[in-house]
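Along the sequence shown, residues are numbered consecutively beginning with 1. The structure presented is a predicted model; accordingly, all values stated were derived computationally and were not measured.
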Amino acid sequence: MSTDPGLALSRLRKPPRWWQARSEGSHLLRLGIGLLAAMLILAPFGDLSITSREPWQELGRMLNGLVMPAPSALESPVHALILTVAFALWGTLLGALLGLPLALLYSRSRALRAVCAGLRAVHELFWALLLLQVFGLSAITALAAITIPYAATFAKVYAEILEQVPQAPRRALPATTSRLMCFVYAELPLAWSRLASYTRYRFECALRASVLLGFVGLPTLGFYLESAFREGRYHEAGALLWIFYLLIATLPWWGHRRLLPLLGVASLWWLGPWPDVNPTLLWRFLSHDIWPAPLVNASVDSLISGQLLADLLDWASHLPHLLSALGNTLLLGLLGTAGSLLIAMLLWPLASRHVGNRASRQATQGLMIFLRTTPELMLAFILLLLLGPSLLPAWLALSLHNGAIIAFLCARHANQIQLPPGKPRGRLESWLYEINPRVAPGMFALLFYRAETIIRETAILGMLGVATLGFHIDSSFEYLMFDQAFALLLLTAILNIVVDSVARRLRPTHEIAEDSCVR
């Protein structure tokens, strides 16, 4: 037995590996039970009723339209399909070009990190609603709505990828080497594959965002989808949905890196219209229209006397009842997070080779592809037509979409696990004692990573009439109350940042790269 006091002290400080695994498992169990218990306790406080009179008949008509799509619907949206790809391609490219230089300064500037957090916390649809007031239904609105949050996201993720690059090549450079030269010669060659992989993933996300821009009137594929579903033309809607799914499924072929430059140049002919922007009106919108009148008309005397504060409080008193909207946003975010956990726990074992059989794997993988490919807003819109207006369609949409993403990644991780040789175990025993303990940390890390996304999506579901913050933002834009809309957007961004901070603290100490959530 060793008598070295330093070695003994180190053993006391560092628990054995089996105890660490046991502690981590207990922590995850408490997290899961706490989240599900909170869902059960708080769910009765939300409006989860079904108000549609004939939900099953409506579902049958929707499925009939999906199974028997109308070929005539394939003629009109050709231009919309091209614009969908063009907006996504150029939005991603511009976002990457802006985000890359920001990534070089990201870790050194707290102010830059705060600004990027605020920009990416606002959904692309909200950016589109804001920009519509200046640029109208134009290509500038669509491109800027994707570029602005994507540039902030690229800055964060690119910076994290560069931080994980081995530092030995950088230390070998002279001490006087600039930050740009360090990036070009020491970091870019080693990080190129991961940077390219994440950029391709963001392009796929941009395709979904570009489709959703049609919900605010921009002429993308989503405009025709929303119109067909709302008017009950389900055969046309089914054809448009198949176009969307084929667009995503064939992305590895038509989105090959050798073809993308040609697509980018060719799509320039289809972008438009380009609006004539009046600089005076643009400056007035940025400097006056989106700010509360007391701030615009403020003076030094009003600030010293306290009149400015009184005027701001009076202005804030005319805002809509935010406590109810804020409560619904947080409640729906919690329900969506807990529901995503349930969906992921149900689906990933059936899709893994160690637990599911061939039939269950194929069926579950097909279901996961459908759910994770369809954006939450589109799922919620379809479920809203089916079940009626309440929190229930939004909850189901958030749970199904995010749960399918987590389940897909967990199943992929489980399929890479090699079981130890020895006594053969049954599928249930393998899942309980071998697979689940290794997959669970990553599953919870993914869950709390998606929490910010769930809150972000919860807000935009208000555009469908769900009583969240997004409902009041959409209403404020509709009634041209830009100062109120901008204030609510800032509140939404702050809420996203707070939720992300809390989720980061709850996230298990399990290494997970952001670009692992890509496919």
Side-chain angles (χ1 to χ4, degrees), residues 56 58-70 73-74 200-201 203-205 207-208 211-212 221-222 225 229 234-235 237-255 336 339-383 385-387 393 395-417 427 430-431 435-436 439 442-443 446-447 450 453 457 516-519:
W56 295 111
E58 195 71 16
L59 177 61
R61 287 192 288 268
M62 289 184 182
L63 293 177
N64 186 37
L66 191 63
V67 174
M68 302 178 62
L74 307 179
R200 287 193 296 270
Y201 161 62
F203 176 51
E204 181 182 336
C205 295
L207 284 172
R208 288 191 284 267
V211 169
L212 292 182
L221 197 61
L225 265 171
F229 270 113
Y234 295 138
H235 294 283
L240 295 171
L241 274 177
W242 280 117
I243 293 175
F244 171 66
Y245 293 137
L246 288 174
L247 181 70
I248 299 295
T250 57
L251 179 59
W253 289 277
W254 64 263
S340 299
L341 175 61
L342 288 176
I343 295 297
M345 292 174 61
L346 175 65
L347 292 182
W348 81 254
L350 297 175
S352 68
R353 63 185 179 90
H354 298 293
V355 181
N357 54 37
R358 183 175 181 179
S360 72
R361 289 198 303 270
Q362 291 179 349
T364 307
Q365 288 171 0
L367 178 62
M368 290 191 300
I369 291 174
F370 168 77
L371 293 176
R372 67 187 178 89
T373 301
T374 309
E376 295 101 319
L377 185 66
M378 193 180 298
L379 272 177
F381 178 69
I382 296 173
L383 291 171
L385 296 175
L386 180 65
L387 303 175
W395 179 20
L396 292 176
L398 290 169
S399 302
L400 292 171
H401 177 78
N402 292 281
I405 291 176
I406 298 171
F408 172 79
L409 294 169
C410 290
R412 188 173 65 178
H413 178 203
N415 289 336
Q416 296 172 353
I417 296 175
R427 295 183 184 272
S430 297
W431 173 71
I435 309 300
N436 192 56
V439 173
M443 180 178 66
L446 283 165
L447 178 70
R450 298 291 302 179
T453 303
E457 298 291 340
S516 67
C517 304
V518 297
R519 289 169 292 275

Taking all non-hydrogen atoms of both residues into account, name the closest pair between [X] and [Y] and its distance.
| X | Y | value |
| --- | --- | --- |
| G339 | S399 | CA-OG, 3.3 Å |
| C410 | L446 | SG-CD1, 4.4 Å |
| L398 | G336 | CB-CA, 4.2 Å |
| W253 | A249 | CZ3-O, 3.4 Å |
| A351 | Q365 | O-NE2, 3.6 Å |
| A344 | M443 | CB-SD, 4.4 Å |

Examine distances only and state if a side-chain atom of [X] and a backbone atom of [Y] form a donor-acceptor pair shorter than 3.5 Å.
| X | Y | value |
| --- | --- | --- |
| R372 | A404 | no |
| H235 | P69 | no |
| N64 | G60 | no |
| T374 | L379 | no |

Original post:
Got more than 12 heavy atoms from elsewhere within 6.0 Å of CE, M62?
Top reply: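 Result for CE/M62: enclosed.
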
**OP:** Apply side-chain contact (heavy atoms from CB on, under 4.5 Å) to I369 and Y245, showing your working.
**Re:** CA-CA 9 Å; I369 291 174; Y245 293 137; over 6 Å; no

**OP:** Sort out for me which residue in L383, T373, L241 forms a side-chain contact (heavy atoms from CB on, under 4.5 Å) with M378.
**Re:**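 Filter result, single survivor: L241.
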
Original post:
Under the criterion side-chain contact (heavy atoms from CB on, under 4.5 Å), which of L212, I243, L240 is the partner of L225?
Top reply: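 When L212, I243, L240 are each tested with L225, the side-chain contact (heavy atoms from CB on, under 4.5 Å) holds only for L240.
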
Original post:
Checking salt bridge (charged side-chain N to carboxylate O under 4.0 Å, His left out) for the pair R200/E204: CA distance, chi angles, key distance, verdict?
Top reply: CA-CA 7 Å; R200 287 193 296 270; E204 181 182 336; over 6 Å; no

Could you tell me the separation between the [atom1] atom of [X] and the [atom2] atom of [Y], rounded to the nearest 0.5 Å?
| X | Y | atom1 | atom2 | result |
| --- | --- | --- | --- | --- |
| L221 | R208 | CG | CZ | 14.0 Å |
| L66 | Y234 | CG | OH | 12.5 Å |
| L371 | T364 | CG | OG1 | 10.5 Å |
| I406 | I343 | CD1 | CD1 | 10.5 Å |
| L400 | I405 | CG | CD1 | 11.5 Å |

**OP:** Evaluate side-chain contact (heavy atoms from CB on, under 4.5 Å) for S340 paired with L447, printing each intermediate quantity in order.
**Re:** CA-CA 8 Å; S340 299; L447 178 70; 4.0 Å; yes

**OP:** Classify the side-chain pair W348/S352 by whether it contains a donor and acceptor separated by less than 3.5 Å.
**Re:**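 Note: W348 and S352 side chains miss the donor-acceptor criterion.
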
**OP:** Check the pair L386 / I382 against side-chain contact (heavy atoms from CB on, under 4.5 Å), numbers first and verdict last.
**Re:** CA-CA 6 Å; L386 180 65; I382 296 173; 5.6 Å; no

Subject >> Criterion side-chain contact (heavy atoms from CB on, under 4.5 Å) on R450 and H401, from CA distance to verdict >> reply: CA-CA 11 Å; R450 298 291 302 179; H401 177 78; 4.3 Å; yes

**OP:** Please state whether the rings of F203 and W254 are parallel, tilted or perpendicular, taking 30° and 60° as the class boundaries.
**Re:**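 F203 and W254: perpendicular rings.
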
